[in-house]
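Encoded as structure tokens, the structure appears first; notes follow it.
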Amino acid sequence: MYAVVPAAGVGARMGASLPKQYLTLEGRTLAEHTLQRLLAFAPLSGVVVAVAEGDPWWPRLSLNGMSLHDHPRIRTVTGGASRAESVRAGLQAVLEQTPDAWALVHDMARPLVRLSDIQKLLDGVAEQGGILACPVVDTIKRADPGQCIDATVDRNLIWRALTPQLFPAAALAEALAVPDDAITDEASAMEARGWRPRLVAGNADNIKITVPEDLPLARFYLRRQGQEAGLEESS
Ligand SMILES: Nc1ccn([C@@H]2O[C@H](COP(=O)(O)OP(=O)(O)OP(=O)(O)O)[C@@H](O)[C@H]2O)c(=O)n1
Ligand SMILES: C[C@](O)(CO)[C@H](O)COP(=O)(O)O
């Protein structure tokens, strides 16, 4: 199994002077946080990162003094104009090495993913693949075109998709080959081909850093995870 990490976005909604994956959180870029966690997940054979053409920040990143760009377990590919194209570029690199591999696709913009949640995903999926997700806790409304309430949706059947999302790399590459703006994650591409991926409950602190107010929230969650780890070690 290989991790495929889309990291070729520009972070427009963040409105920063550089792509959000290169913003720092507690002294380390989001990308370094994300990759430190993935590299620590033992079941992975390797990590493929899709970065933007000519990305000047990626070559500067390092973990424990080792360049990520030259890391022995990381392969870099050039991403595309959409997340799906970036993921597909990563999948092609995986398939060149291992045609029957499974791909664990994880957003570089989700630096707080817990290894225990990734293990839960592996333990929870079957042949149809699956995703980490969070059940929603608010009442869910569907809007009409005039932004009035059209219906209240049964929230017991509604989940927020997170990443990682885990699928056979070959089937996923084929599913992503058809450009479709409605495809915003890997599961939706597989669903469009009749797959019924499993939903595996993940921790709500696995947030996608998207808008400016996500950064202080991420800082809070990162510190809380550190406190939890400290408690586990001392117990
Ligand atoms: N062409 C793209 C677009 C997005 N991504 C990656 O997909 C992940 C999730 O996408 P998103 O949060 O939308 O990131 P951006 O596209 O950078 O954000 P925005 O939509 O605000 O520009 C991010 O790690 C991003 O780098 C990618 O690899 N290639
Ligand atoms: C894949 C994802 O993170 C699941 O919630 C989400 O669909 C990515 O959306 P984005 O617009 O590319 O951030």
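First listed ligand is number 1; within each ligand, the first listed atom is number 1.
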Heavy-atom proximity to [atom], best of [options]:
{"atom": "atom 12 (O) of ligand 2", "options": "Arg13, His106, Arg83", "value": "Arg83"}
{"atom": "atom 16 (O) of ligand 1", "options": "Ala52, Ala8, Gly9", "value": "Gly9"}
{"atom": "atom 11 (P) of ligand 1", "options": "Met14, Lys20, Arg83", "value": "Lys20"}
{"atom": "atom 4 (C) of ligand 2", "options": "Pro164, Ser188, Ala161, Ser82", "value": "Ala161"}
{"atom": "atom 7 (O) of ligand 2", "options": "Thr184, Ile183, Asp185, Leu162", "value": "Thr184"}

Any donor-acceptor N/O pair, [X] side chain to [Y] backbone, under 3.5 Å:
{"X": "Ser188", "Y": "Asp185", "answer": "yes"}
{"X": "Gln97", "Y": "Val94", "answer": "no"}
{"X": "Ser45", "Y": "Tyr2", "answer": "no"}
{"X": "Lys141", "Y": "Asp150", "answer": "no"}
{"X": "Asp144", "Y": "Ile149", "answer": "no"}
{"X": "Gln21", "Y": "Leu30", "answer": "no"}

At what distance is the nearest protein heavy atom to [atom], and which residue and atom is it?
{"atom": "atom 6 (C) of ligand 1", "result": "Pro6 O, 3.5 Å"}
{"atom": "atom 29 (N) of ligand 1", "result": "Ser86 OG, 2.8 Å"}
{"atom": "atom 13 (O) of ligand 1", "result": "Arg13 NH2, 2.7 Å"}
{"atom": "atom 15 (P) of ligand 1", "result": "Gly11 N, 3.8 Å"}
{"atom": "atom 1 (N) of ligand 1", "result": "Gly80 O, 2.9 Å"}
{"atom": "atom 8 (C) of ligand 1", "result": "Asp107 OD1, 3.6 Å"}

Which of the numbered atoms in ligand 1 are below 4.0 angstrom from a heavy atom of [X]?
{"X": "Lys208", "result": "12 (O)"}
{"X": "Val10", "result": "17 (O), 22 (O)"}
{"X": "Ala109", "result": "24 (O)"}
{"X": "Ala81", "result": "1 (N)"}

message = Run the side chain to side chain contact (heavy atoms under 4.5 Å, CB included) test on Leu162 and Arg110 for me, step by step, so that the C-alpha distance in whole Å, both residues' side-chain angles and the decisive distance to 0.1 Å come before the verdict.
response = CA-CA 9 Å; Leu162 308 174; Arg110 290 184 187 268; 3.5 Å; yes
Does any N or O of ligand 1 fall below 3.5 Å from an N or O anywhere on [X], backbone included?
{"X": "Ile209", "answer": "no"}
{"X": "Thr210", "answer": "no"}
{"X": "Ala50", "answer": "no"}
{"X": "Ala12", "answer": "yes"}

key: Test side chain to side chain contact (heavy atoms under 4.5 Å, CB included) applied to Ile207 and Thr210, Ile209, Asp205, the passing residue   =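 That would be Ile209.
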Any N or O of Lys208 closer than 3.5 Å to N or O of ligand 2 =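 Yes - when backbone and side-chain N and O of Lys208 are compared with those of ligand 2, one distance drops under 3.5 Å.
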query = How close do Leu132 and Asp117 get, heavy atom to heavy atom, and via which atoms?
reply =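 Smallest interatomic distance, heavy atoms only, reads CD2-O, 3.5 Å.
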inquiry  = In this structure, would Leu112 and Leu215 fall into the same cluster of hydrophobic residues linked by side-chain contacts under 4.5 Å?
reply    =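 Yes; tracing contacts between hydrophobic side chains, which count when under 4.5 Å, links both residues.
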request  = Enumerate the atoms of ligand 2 whose separation from the nearest heavy atom of Arg110 is less than 4.0 angstrom.
outcome  =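 Here the atoms of ligand 2 in question are 2 (C), 3 (O), 4 (C), 5 (O).
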task = List every atom of ligand 2 that sits less than 4.0 Å from any heavy atom of Asp107, numbering the atoms from 1 in the order shown and giving each element.
result =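 Reading through ligand 2 atom by atom, the close ones are 1 (C), 2 (C), 3 (O).
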query = Is it the case that more than 12 heavy atoms not belonging to Arg219 sit under 6.0 Å from its CZ atom?
reply =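 For Arg219, atom CZ is crowded (more than 12 foreign heavy atoms under 6.0 Å).
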message = Please classify the Thr163 to ligand 2 contact at 4.0 Å (heavy-atom distances, strictly less than): side chain, backbone, both or neither.
response =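 Thr163 to ligand 2: side-chain contact only, backbone stays beyond 4.0 Å.
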request  = Walk me through it: do Arg60 and Glu32 pass the test salt bridge (charged side-chain N to carboxylate O under 4.0 Å, His left out)?
outcome  = CA-CA 11 Å; Arg60 302 176 198 163; Glu32 289 162 333; over 6 Å; no
Proximity flag Glu186 to ligand 2, non-hydrogen atoms under 4.0 Å =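 So Glu186 does not count as touching ligand 2.
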task = Say whether Tyr22 and Asp55, considering side chains only, have a donor N or O and an acceptor N or O under 3.5 Å apart.
result =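 Indeed, the side chains of Tyr22 and Asp55 share at least one donor-acceptor pair under 3.5 Å.
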task = For the pair Asp107 and Arg83, find out whether any cationic side-chain nitrogen is under 4.0 Å from an anionic carboxylate oxygen.
result =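 Here Asp107 pairs with Arg83 in a salt bridge, since their nearest N and O are under 4.0 Å apart.
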